[in-house]
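First comes the structure, then the notes that go with it.
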Amino acid sequence: MIGLSMPELDVWSERVVVALGQNPGIFTGPGTNTYLVGTGRKRILIDTGQGIDAYAGVLERALERAGCDGIQQIVLTHGHPDHGGGLAQVQQRFGPLRVSKLAGPDDAGAKLVCEPLADGDAVRTEGATLRAVHTPGHAVDHLCFVLEEEGSLFSGDNVLGVGTTVIPSHGGDLLDYMDSLARMLALAPSRIYPAHGPLIADGPAKLRDYIAHRNAREAQILAALGVGHADVATVVKRVYTDVPEILHAAAGHSVAAHLYKLEREGRVRRCDQRTPLYAIWSLTSDWELA
Ligand SMILES: [Zn+2]
């Protein structure tokens with residue numbers, strides 16, 4: 001994701017203005033996209049970036065570009081620090097705004113004080129109705145938002161404008177994630193506004209790509225285990241032959257997420273009690289033969 005640059009703010013539809021969080025990095029790409037949504041004097045802000053000083057000015061300019069003069073309330077796609085980390089900064093400037101998100105297990109630790117938002121709930125402002133869709137997998141508290149007036153979707157970290165979504169060992173779950181992608185595809189979003197990277201013009205095509213990519217990776221991992229019992233590091237060496245070794249650690253986390261999913265589906269087995277990243281794995285069919 002490194003190297004891709006985006007303007008600090010942009011108008012992506014008559015209801016949507018994006019303002020970049022000014023936090024570019026390995027995991028954030030060009031930075032977190034925060035969104036002003038609606039058509040009235042005050043807009044909904046989706047996500048707040050990470051609390052970077054330079055974001056304050058970008059948000060001011062984005063409000064100006066949007067032709068409005070304030071923020072009605074804040075909603076968060078999930079509690080990761082590059083999404084909720086800018087709450088204090090935004091509230092310092094605009095006062096104690098209402099903040100809504102799906103309740104998550106890490107909210108207290110992250111000092112996120114929010115009103116709970118549940119699957120199916122709507123958040124409304126002039127010109128925009130955002131419908132929350134619970135879509136865990138990248139994070140347990142992850143929500144996407146359908147913008148009903150457009151049939152478009154704010155995808156949070158579940159679909160990105162560049163690169164692929166990380167399934168973290170803490171809070172991530174690939175089985176849930178694949179279900180969430182299917183749920184998002186069933187919504188047939190006209191376009192997708194991702195939390196990182198450029199606008200996605202064809203939502204269903206991107207979602208089908210994402211699903212196909214994971215399924216192809218899973219087939220490779222199963223084939224790699226077909227060669228013989230292996231730990232994650234060995235599977236990575238068998239599968240990621242075209243990827244430089246410096247990226248193998250990151251690939252290992254992805255493989256571990258796949259193996260944990262396949263284990264829950266009964267298709268692979270752990271040969272010992274270690275965590276997914278360190279255990280020896282085998283195909284369930286091999287295990288039964290042994
Ligand atoms: Zn995230």
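These figures come from a predicted structure and were not determined experimentally. When reading the values below, keep in mind they use all heavy atoms of this one structure, side chains included, and skip hydrogens, waters and symmetry mates. All residue numbers in this chain count up from 1 along the given sequence. One-based numbering, in listed order, for ligands and for the atoms of each.
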(request) Find out if a path of hydrophobic residues (ILVMFWY) with successive side-chain heavy-atom gaps under 4.5 Å connects Val133 to Leu181. (result)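 Yes, it is one cluster - the side chains of Val133 and Leu181 are joined through contacts under 4.5 Å.
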
Name whichever N, O or S atom of [X] ends up nearest to the Zn ion (ligand 1).
X      : result
His138 : NE2
His80  : ND1
Asp157 : OD2

(message) Within 45 degrees of the ring normal and closer than 6.0 Å to the centroid, is that where the cationic atom of Arg217 sits relative to Tyr240?
(response)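 Relative to the ring axis of Tyr240, which defines the angle, Arg217 lies inside both limits.
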
(message) Can you classify the ring geometry of His83 versus His78 as parallel (below 30°), tilted (30 to 60°) or perpendicular (above 60°)?
(response)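 Rings of His83 and His78: tilted, 30 to 60°.
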
(message) Counting neighbours of OH on Tyr260 that are heavy atoms of other residues, nucleotides or ligands and sit closer than 6.0 Å, is the number greater than 12?
(response)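 Atom OH in Tyr260 is not packed in, count stays at 12 or less.
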
